[in-house]
Colleague: 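If you scroll down you'll find the structure; I have some questions about it.
Computed from heavy atoms alone, side chains included, the values below leave out hydrogens, waters and symmetry copies. In what follows, chains are A, B, ... by sequence order, proteins preceding strands, each numbered from 1. Given the structure is predicted, the values throughout are model-derived calculations rather than measurements.
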There are 2 protein chains.
Amino acid sequence: MTMEIICINGVQFMLREYGKGHKWCHGQFKARGYRMTLGREAILDVLAQANRHLSAEDIFMKVYKVYPNIGLTSVYRTLDILVNIGLVHKFDFGHGRARYELAEEPKGRRHHHHLVCTGCSRVIDYEDFIDEEVALLKKTEEALSIKYNFTIMNHLIQFYGLCQICRNEGK
Amino acid sequence: MTMEIICINGVQFMLREYGKGHKWCHGQFKARGYRMTLGREAILDVLAQANRHLSAEDIFMKVYKVYPNIGLTSVYRTLDILVNIGLVHKFDFGHGRARYELAEEPKGRRHHHHLVCTGCSRVIDYEDFIDEEVALLKKTEEALSIKYNFTIMNHLIQFYGLCQICRNEGK
DNA sequence: ACATTAATTGATAATGGTTATCATTTACAG
DNA sequence: CTGTAAATGATAACCATTATCAATTAATGT
Ligand SMILES: [Mn+2]
Ligand SMILES: [Mn+2]
Ligand SMILES: [Zn+2]
Ligand SMILES: [Zn+2]
């Protein structure tokens, strides 16, 4: 429980297995005046390596394995910060809990939208927009901005339906 | 507390002040095998006359005024049914509680999307650019259906930003 | 009108994700 | 190394939504 052992082990382990590929996130984080801690670093690592949309508890459990000192509260707090900064996107897919995902980076993951299966709750990312989709989106945003005097910061676009598996099962 | 008085008063009052303009909803409701009760009728009335997006408690309070027997549980249950039937849309605007809105009817309200102000939580309906938007949406949906073998049933499109008032206040 | 019966109801308690508290620990500028 | 504000985690509280269940009621047939 002393920070020593876990800290030493944690740091060394992290420096090897983690702490890669999100220097940019670190920069953004500290640039905003936030302190970088082991917990926060681990959370960023988990998010960076996630291939699905994680809940706060998902993240907590993954972080716990490498950093047992972590508390669920800190996960929520860190996610809150990350969402406010814009480094992480928070989604509600109707599963009763929020899901988080690393936001697009300069030369990292691209912006995308979601297909949500109402049968099995799976979520599919898609970013292969038709060029037209982007064009109309921009056009719509501009028109709306003017008509409603509304400054659009971002958008949420989700399609609900049934994935192949669920459709075959007749759910 | 006896059903008599409230029932009689309620019915008469409702027949005058309410119970208009949503015969279609009633039909849909009963056609699905659900029974029409005073509470459910009052809920439909409140939804039909709402000019904003109501929470379950909003609805409860409005119904309570004309039908004090109503229970919050029944509001939730009825809304659940209405959402499942497709007569009502349930939204999460990030306010911590679900918001409900009567769905589009054959010759009633039109389908629309939302502008959500992150400053004051106001929500603006817009259906202006829907035609063009819908055309491309359909196109996008078709492309996605094929590529991901995903049957799209409906979509959620929201734009987040700042309304005029909040922008001026520098929130 | 009346009896029958399954649907519906509302009071109440429980659930569960998220937040607030607060004493303790820690990152980091000086 | 020190001082100090930021960050943490254990814990309790919050609060929207659900589950439970006995009582009521709408609808159907007589
Ligand atoms: Mn995604
Ligand atoms: Mn609306
Ligand atoms: Zn599915
Ligand atoms: Zn506003």
Colleague: On the 0 to 90° scale, with breaks at 30° and 60°, tag the B/His112-B/His114 ring pair as parallel, tilted or perpendicular.
Modeller: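 Taking B/His114 first and then B/His112, their aromatic rings stand perpendicular (interplane angle over 60°).
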
Colleague: Taking only the side-chain heavy atoms of A/Thr73 (C-beta and beyond), determine which of D/dA10, C/dG10, C/dT8 contains the nearest atom.
Modeller: D/dA10

Colleague: Let me know the distance between CD1 of A/Ile70 and P of D/dT8, rounded to the nearest Å.
Modeller: 7 Å

Colleague: Determine whether a donor-acceptor pair (N or O, by modelled atom type, separation under 3.5 Å) exists between the side chain of A/Arg40 and the backbone of A/Arg35.
Modeller: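 Side chain of A/Arg40 to backbone of A/Arg35, a donor-acceptor pair under 3.5 Å: yes, one is there.
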
Colleague: What is the distance from CD of B/Glu41 to P of D/dT25, rounded to the nearest Å?
Modeller: 16 Å

Colleague: B/Asp80 has an atom CG; how far is it from atom P of C/dT9, in whole Å?
Modeller: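 From B/Asp80 CG to C/dT9 P: 13 Å.
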
Colleague: Within the structure shown, what part of the strands sits under 4.0 Å from B/Arg40 by heavy-atom distance: base, sugar-phosphate, or nothing?
Modeller: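 Sugar-phosphate: the residue B/Arg40, judged by heavy atoms under 4.0 Å, touches backbone atoms but no base.
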
Colleague: Is there a side-chain contact between B/Leu82 and B/Leu44 in this structure, where contact means two heavy atoms from C-beta onward sitting under 4.5 Å apart?
Modeller: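 Of all side-chain heavy-atom pairs linking B/Leu44 with B/Leu82, at least one is under 4.5 Å.
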
Colleague: Between C/dT18, D/dG9, C/dT9, spot the one nearest the side chain of A/Leu72, thanks.
Modeller: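 Selected nucleotide (nearest to the side chain): C/dT18.
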
Colleague: If you check the A/Arg35 side chain, which of C/dA7, D/dT17, C/dC28 turns out closest?
Modeller: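 My answer, after comparing the listed nucleotides, is C/dC28.
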
Colleague: So what does A/Thr37 hit on the nucleic acid, given a heavy-atom distance under 4.0 Å: a base, only sugar-phosphate, or nothing?
Modeller: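 A/Thr37: backbone/sugar contact only, no base atoms under 4.0 Å.
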
Colleague: Give a yes or no on whether the backbone of B/Ile70 and the side-chain of B/Ser74 come within a donor-acceptor separation of less than 3.5 Å.
Modeller: no

Colleague: Mind listing the N/O atom pairs, protein and nucleotides 14-16 of chain D, below 3.5 Å?
Modeller:
residue: D/dA16; atom: OP1; partner: B/Arg97; partner atom: NH2; Å: 2.8

Colleague: Whole-Å distance between C/dT18 P and A/Arg77 CZ?
Modeller: 15 Å

Colleague: Between B/Gly33 and A/Lys90, which residue's closest nucleotide on DNA chain C lies nearer the 5′ terminus?
Modeller: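 The residue mapped nearer the 5' terminus is B/Gly33.
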
Colleague: Starting from C1' on D/dA5, measure out to CE on A/Met36 and report it in whole angstrom.
Modeller: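 A/Met36 atom CE is separated from D/dA5 atom C1' by 18 Å.
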
Colleague: Taking all heavy atoms of B/Arg99 and all of B/Ser55, pick out the closest pair and write down the distance.
Modeller: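 Here B/Arg99 and B/Ser55 meet closest at NH1-N, 3.5 Å.
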
Colleague: Is a donor from one side chain sitting under 3.5 angstrom from an acceptor on the other, for B/Tyr34 and B/Gln28?
Modeller: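 No donor-acceptor contact under 3.5 Å links the two side chains.
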
Colleague: Roughly how bent is the helix from C/dA1-D/dT30 to C/dG30-D/dC1 end to end, in steps of 10 degrees, with each end axis from five pairs?
Modeller: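 One end axis against the other gives 40°.
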
Colleague: Evaluate the side-chain proximity of A/Val83 to A/His89: yes if any heavy-atom separation is below 4.5 Å, no if none is.
Modeller: no

Colleague: Between D/dA7 atom P and A/Asn69 atom CG, what is the distance in whole Å?
Modeller: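 For the pair A/Asn69 CG and D/dA7 P, the rounded distance is 18 Å.
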
Colleague: Do you know the tightest heavy-atom contact between B/Leu102 and B/Ala48?
Modeller: CD2-CA, 3.8 Å

Colleague: Rounded off to whole Å, could you give me the CG-to-P distance for the A/Asn84 and C/dT19 pair?
Modeller: 11 Å

Colleague: With a 3.5 Å cut-off and sequence neighbours excluded, list the donor-acceptor pairs that the side chains of residues 146-163 of chain A form with protein atoms.
Modeller:
residue: A/Lys147; atom: NZ; partner: B/Asp128; partner atom: OD2; Å: 2.7
residue: A/Tyr148; atom: OH; partner: B/Asp128; partner atom: OD1; Å: 2.6
residue: A/Asn149; atom: OD1; partner: B/Arg167; partner atom: NH1; Å: 3.4
residue: A/Asn149; atom: OD1; partner: B/Arg167; partner atom: NH2; Å: 3.0
residue: A/Thr151; atom: OG1; partner: B/Arg167; partner atom: NE; Å: 2.5
residue: A/His155; atom: ND1; partner: A/Glu141; partner atom: OE2; Å: 3.1
residue: A/His155; atom: NE2; partner: A/His111; partner atom: NE2; Å: 3.0
residue: A/His155; atom: NE2; partner: A/His113; partner atom: NE2; Å: 3.0
residue: A/Gln158; atom: OE1; partner: A/Tyr160; partner atom: OH; Å: 2.7

Colleague: Is the distance from OP1 or OP2 of C/dC28 to the nearest side-chain N or O of A/Lys30 less than 4.0 Å?
Modeller: yes

Colleague: Would you say the ring centers of B/His53 and B/Phe93 fall short of 6.0 Å from each other?
Modeller: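 B/His53 vs B/Phe93: aromatic centres under 6.0 Å.
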
Colleague: Counting only side-chain nitrogens and oxygens, does A/Ser74 get under 4.0 Å of the OP1 or OP2 atom of D/dG9?
Modeller: yes

Colleague: Taking for each residue the nucleotide of DNA chain D with the nearest heavy atom, is it A/Phe29 or B/Ser55 whose nucleotide lies nearer the 5' end?
Modeller: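 So the residue in question is A/Phe29.
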
Colleague: Distance check needed: C/dG10 P versus B/Leu79 CG, whole Å only.
Modeller: 13 Å

